Amino acid sequence: MEHLELFFKAVFIDNMVFATFLGMCSYLAVSKKVSTAVGLGAAVIFVMAITVPLNWLLDQYILQDGALAWLGEEYASYDLSFLSFIMFIATIATMVQLVEIIVEKFAPSLYNSLGIFLPLIAVNCAILGGSLFMQSREIETLGLALNYGISSGIGFFLAILAIAAIREKIRYSNVPAPLRGLGITFIITGLMAIGFMSFGGMLTGGEDEVEVKNQETVQVQVVKETIDLAKNEKEIQE
């Protein structure tokens, strides 16, 4: 259940593009064609699925305060958290280079269509944001970190795929001249973000209902105690 909840949160509720507006440069630049968007989205899923668990291991066993205790008691007081950005970016850059080599080897047409934006995944704030959110939210296990990396990548994939499909269709629409291009794209992105915000009630509705029931139970108990106290006072007066 914990894995399922984390998956839905990362894909819909805390979507990298629509909730935190990370990775907007590649989201806007590489979403003119569905085929290109699919290629970039798949690359992002792969990179995040590898880097988030790797950075979780780095954070747990090297970077956190006292994480080096496994090397000996003399290292237990070391705190290397100030190296988080450098270590995370180094891991991401390594994986991006691997993806670039694979895409260039097996899909040269996709490599040419992505152009400069494929190596720029290394500095995509959505990729780094996945690792930083993993660290700040204190994800407990490696399995959950892997789940979060994959689901966050899927969230970015859905976002860029949706806007690419809309932009392909909107070419044939009568869009006012001042809004053509990025103007209408920003408007559509805002509307999609509002739509994704509605998913926020998926995992909280049940909790709210339980809280309401608990409040009603407390209120009933308070009323009963008040009535009993009033009866006791009346008996004492009599």
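Computation of the quantities below employed the complete heavy-atom set of this structure, encompassing side-chain atoms and omitting hydrogens, waters and symmetry-equivalent molecules. Since the structure is predicted, the reported quantities are computational estimates derived from the model, not experimental observations.
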Please determine whether the number of non-hydrogen atoms from other residues, nucleotides or ligands lying under 6.0 Å from atom CZ of Phe21 exceeds 12.
yes
If the plane angle is over 60° it's perpendicular, under 30° parallel, otherwise tilted; pick one for Phe199 and Phe12.
tilted
Using 0.5 Å steps for rounding, measure from the CD1 atom of Ile139 to the CD atom of Glu2.
9.5 Å
Quick one: sort the Phe196 and Phe18 rings into parallel, tilted or perpendicular, breaks at 30° and 60°.
tilted
About how many Å separate OG1 of Thr185 and CZ of Arg180, when rounded to the nearest 0.5 Å?
13.0 Å
Backbone of Tyr148 reached by a side-chain donor or acceptor of Ser151 within 3.5 Å:
yes
Starting at CG of Leu54, measure out to CD1 of Ile50 and round the result to the nearest 0.5 Å.
6.5 Å
d(Ile160 CD1, Arg167 CZ) to nearest 0.5 Å is 9.5 Å
First locate atom CG of Asn124, then atom CE of Met48, and finally report the distance between them rounded to the nearest 0.5 Å.
8.5 Å
Is it possible for you to say whether Met197 and Leu191 belong to one hydrophobic cluster, with membership spreading through side-chain heavy-atom contacts below 4.5 Å?
no
May I ask whether Tyr172 and Leu179 are part of the same hydrophobic cluster, defined by side-chain heavy atoms of I, L, V, M, F, W, Y residues being less than 4.5 angstrom apart, directly or through others?
no
Atom CG of Asn147 and atom OG1 of Thr141: how far apart are they, to the nearest 0.5 Å?
9.0 Å
Using only atom types and a distance under 3.5 Å, with no angle test, would you say the side chain of Asn55 pairs donor to acceptor with the backbone of Thr51?
yes
Near Glu138 CD, under 6.0 Å, is it more than 12 heavy atoms from other residues, nucleotides or ligands?
no
Shortest non-hydrogen contact from Ile13 toward Ala19
O-CB, 3.6 Å
same_hphob_cluster(Leu57, Phe88) at 4.5 Å side-chain heavy-atom cutoff:
yes
Can Trp70 be reached from Leu142 by stepping across I, L, V, M, F, W or Y side chains whose heavy atoms are under 4.5 Å apart?
yes
Transitively linked via ILVMFWY side-chain contacts under 4.5 Å: Ile101 with Ile92?
no
